[in-house]
Chemist: 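Here you go, one structure.
Values in this document were obtained by computation on a predicted structure and should not be read as measured data.
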Amino acid sequence: MWGRPLADRIAAHAHELTATELRVAEYLDAHGEEVIFATAGGLAKAIGTSDATVVRTARALGYSGLPELKHEVGQQLVQVNKPAARLRKRIEHVGAETGELLDEVFAEGTERLAETRRLSRTGHVRACIDCLTDADAVVGYGVGVSALAADYLATRLTRIGKPARAISATGFRLADELLSLTGGEALVLYAPGRMLAELEVILEHAHRVGAKVVLVSDALAARIGDRVDHALTAVHSGSGLTGECLASVLLTDALVLGVAARDQDRATAASDLLTALRGRLGAE
């Protein structure tokens with residue numbers, strides 16, 4: 001039988017919770033499939049309390065906030081439900097009405113971004129910007145959908161004059177990509193939650209050559225945070241209603257803008273050149 005992390009946390013923190021918080025916690029544990037799709041306001045209405053109390057309960061249980069609790073519950077459900085069943089649940093939840101669909105998707109996206117912003121300490125983001133600015137070049141790495149974020153980082157940095165590239169290889173192909181990594185470069189790892197074998201190899205090799213590493217992840221900071229130079233939390237979706245890269249792309253925008261601000265002349269010169277090249281390519 002699969003474990004129940006939320007139930008375990010409730011048992012461990014029960015003596016610290018108020019009566020209302022305990023009632024909220026027990027509701028969250030008993031309504032897992034409802035929880036992963038609901039906003040704090042929706043849960044508060046169902047329980048008969050305030051959204052602030054729902055969020056406070058999640059934090060009292062040791063989570064960074066409600067999104068992390070929902071993500072953990074979602075991961076537990078992944079273990080017991082087939083992908084087709086999970087997709088059917090998502091479709092049934094949002095329904096066929098376009099208005100309701102938009103409300104649900106944007107509500108979850110707003111919640112994820114707000115929590116990501118809350119967890120993004122100014123000092124940590126500044127340190128990441130310093131790291132990328134000081135690097136000779138930046139390398140973004142991601143697998144699957146996360147490869148989109150890595151490619152986005154490389155494209156945006158290149159457009160402001162910062163040498164950058166993206167890699168997404170796995171297996172033996174990754175070895176070829178890592179051969180050119182140097183100690184003067186900074187590596188940005190987009191790794192939401194799974195500890196892939198490739199990440200182990202990348203971390204070991206980066207340490208060996210002296211390259212700096214920035215981790216953008218929802219869940220891996222606690223596991224490998226001591227093996228990277230900097231870590232940022234990009235809150236993931238517990239329900240799957242919104243895309244994996246939503247929060248990480250916005251963090252990327254902040255990092256790129258910060259790098260551009262450190263060398264405005266280079267950024268504007270690169271932008272002017274890009275505009276000129278586009279003009280020539282578009283000319284008849």
Side-chain angles (χ1 to χ4, degrees), residues 109 112-113 116-117 120 124-170 173-174 176-193 196 198-199 202 205-206 211-218 220 228-237 242-283:
R112 285 179 61 191
L113 295 181
T116 298
R117 175 62 186 92
S120 299
H124 293 168
V125 176
R126 184 184 299 117
C128 292
I129 293 171
D130 289 341
C131 179
L132 301 190
T133 300
D134 295 340
D136 296 333
V138 176
V139 182
Y141 180 78
V143 174
V145 176
S146 292
L148 299 175
D151 188 62
Y152 181 68
L153 170 73
T155 299
R156 291 216 58 196
L157 285 176
T158 300
R159 287 178 176 177
I160 61 169
K162 184 70 179 182
R165 67 184 188 278
I167 57 178
S168 59
T170 57
R173 288 292 302 276
L174 177 60
D176 294 297
E177 299 281 10
L178 292 178
L179 280 176
S180 61
L181 186 68
T182 69
E185 294 180 313
L187 184 62
V188 182
L189 297 180
Y190 292 93
L196 304 174
E198 284 81 0
L199 295 180
I202 290 172
H205 185 64
K212 299 294 185 181
V213 179
V214 174
L215 174 68
V216 181
S217 177
D218 175 65
L220 289 181
V228 302
D229 296 280
H230 309 285
L232 296 175
T233 300
V235 176
H236 198 32
S237 170
T242 51
E244 181 178 294
C245 293
L246 177 64
S248 59
V249 164
L250 259 69
L251 284 175
T252 298
D253 286 330
L255 294 177
V256 171
L257 185 59
V259 173
R262 300 294 172 84
D263 194 339
Q264 296 183 37
D265 290 339
R266 180 184 65 187
T268 54
S271 180
D272 287 342
L273 177 57
L274 179 64
T275 300
L277 290 171
R278 285 173 171 173
R280 293 177 61 189
L281 290 169

Chemist: Can you tell me how far OG1 of Thr268 sits from CG of Asp263, rounded to the nearest 0.5 angstrom?
Modeler: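 Separation between the atoms: 8.5 Å.
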Chemist: Nearest 0.5 Å, please: how far is OG1 in Thr233 from CZ in Arg117?
Modeler: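 So the CZ of Arg117 and the OG1 of Thr233 are separated by 13.0 Å.
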Chemist: Mind listing the closest non-hydrogen atom pair of Ala147 and Gly142 along with its distance?
Modeler: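 In terms of heavy atoms, the two residues are closest at CB-O, 3.4 Å.
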Chemist: Spell out, as yes or no, whether a donor-acceptor pair under 3.5 Å connects the side chain of His230 to the backbone of Cys131.
Modeler: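 Answer holds: no.
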Chemist: Between Val143 and Ser168, what is the shortest heavy-atom contact and its length?
Modeler: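 The answer is CG2-O, 4.4 Å.
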Chemist: Sequence neighbours excluded, which residues qualify as side chain to side chain donor-acceptor pair (under 3.5 Å) partners of Glu177?
Modeler: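 With neighbours one apart ignored, the set is empty.
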Chemist: Just by distance, do the side chain of Thr155 and the backbone of Tyr152 share a donor-acceptor pair under 3.5 Å?
Modeler: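 No; judged by distance alone, with no hydrogens or angles, the pair does not exist.
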Chemist: Rounded to the nearest 0.5 Å, what separates atom CD in Gln264 from atom CD1 in Ile160?
Modeler: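 Here the interatomic distance stands at 11.0 Å.
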Chemist: Report yes if some heavy atom in the side chain of Arg278 is under 4.5 Å from a heavy atom in the side chain of Leu274; otherwise report no.
Modeler: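 Sidechains of Leu274 and Arg278: in contact.
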Chemist: Ignoring hydrogens and angles, tell me if any N or O in the side chain of Ser146 forms a donor-acceptor pair with the backbone of Ala191 under 3.5 Å.
Modeler: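 Flag not set: sc Ser146 to bb Ala191 has no pair under 3.5 Å.
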Chemist: Could you grab the distance from atom SG of Cys128 to atom CG of Leu232, nearest 0.5 Å is fine?
Modeler: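 Atom-to-atom, Cys128:SG and Leu232:CG are 4.0 Å apart.
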Chemist: How would you list, by chain and number, every residue that makes a side chain to side chain contact (heavy atoms under 4.5 Å, CB included) with Ala166, sequence neighbours excluded?
Modeler: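 Partners of Ala166 by the side chain to side chain contact (heavy atoms under 4.5 Å, CB included) criterion, ordered by chain and then number, come out as Ala150, Asp151, Ala154.
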Chemist: Looking only at heavy atoms, what is the nearest atom pair of Thr158 and Ala164, with distance?
Modeler: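 Distance-wise, the nearest heavy atoms are OG1-O, 3.6 Å.
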Chemist: For Arg173, does the CZ atom sit with more than 12 other heavy atoms under 6.0 Å from it, leaving out its own atoms?
Modeler: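 At most 12 heavy atoms, drawn from other residues, nucleotides or ligands, come within 6.0 Å of this atom.
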Chemist: Would you say the side chain of Leu250 lies within less than 4.5 Å of the side chain of Thr116, judging by non-hydrogen atoms?
Modeler: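 No, their side chains stay 4.5 Å or more apart.
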Chemist: So Val249 and Asp253, do their side chains get closer than 4.5 Å, heavy atoms only?
Modeler: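 Yes, side chains in contact.
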Chemist: First locate atom CZ of Arg262, then atom OG1 of Thr133, and finally report the distance between them rounded to the nearest 0.5 Å.
Modeler: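 Going from CZ on Arg262 over to OG1 on Thr133, the span is 5.0 Å.
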Chemist: Using 0.5 Å steps for rounding, measure from the CD1 atom of Ile167 to the OH atom of Tyr141.
Modeler: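 Result: 7.0 Å between the selected atoms.
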Chemist: Write down the atom of Ala206, the atom of Leu187, and the distance for their closest heavy-atom approach.
Modeler: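 Nearest pair, atom of Ala206 first, then Leu187: CB-CD2, 4.5 Å.
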Chemist: List the atom of Ser248, the atom of Val216, and the distance in Å for their closest heavy-atom pair.
Modeler: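 Looking at all heavy atoms of both residues, the shortest contact is CB-CG1, 3.9 Å.
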Chemist: Do Lys162 side-chain atoms and Leu132 backbone N/O form a donor-acceptor pair below 3.5 Å?
Modeler: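 Yes, because the side chain of Lys162 sits within donor-acceptor range (under 3.5 Å) of the backbone of Leu132.
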Chemist: Go through it in stages, so that I can follow the logic: the residues are Val259 and Val138, the test is side chain to side chain contact (heavy atoms under 4.5 Å, CB included), and I'd like the CA-CA distance, side-chain angles, deciding distance and then a yes or no.
Modeler: CA-CA 11 Å; Val259 173; Val138 176; over 6 Å; no
Chemist: Side chain to side chain contact (heavy atoms under 4.5 Å, CB included) for Tyr190 and Leu148? Distances and angles first, verdict last.
Modeler: CA-CA 9 Å; Tyr190 292 93; Leu148 299 175; over 6 Å; no
Chemist: Under a 3.5 Å distance rule, please check whether Asp229 uses its side chain to pair with a backbone N or O of Val213 as donor and acceptor.
Modeler: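 At least one qualifying donor-acceptor pair exists.
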Chemist: What heavy-atom pair brings Val145 and Glu244 nearest, and what distance separates the two atoms?
Modeler: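 Reported closest heavy-atom pair: CB-OE2, 3.9 Å.
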Chemist: Would you check if the side chain of Arg266 reaches a backbone N or O of Ala269 as a donor-acceptor pair within less than 3.5 Å?
Modeler: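 Side chain of Arg266 to backbone of Ala269, a donor-acceptor pair under 3.5 Å: no, none is there.
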Chemist: Which is it for Leu246 and Arg112 under the side chain to side chain contact (heavy atoms under 4.5 Å, CB included) test, yes or no, and what are the steps along the way?
Modeler: CA-CA 8 Å; Leu246 177 64; Arg112 285 179 61 191; 3.9 Å; yes
Chemist: Does the side chain of Val256 come within less than 4.5 Å of Leu153's, by heavy atoms?
Modeler: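 They are in contact (side-chain heavy atoms under 4.5 Å apart), so the answer is yes.
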Chemist: Is the side chain of Thr275 donor-acceptor paired with the backbone N or O of Ser271 at a distance under 3.5 Å, no angle test?
Modeler: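 Side chain of Thr275 to backbone of Ser271: a pair is present.
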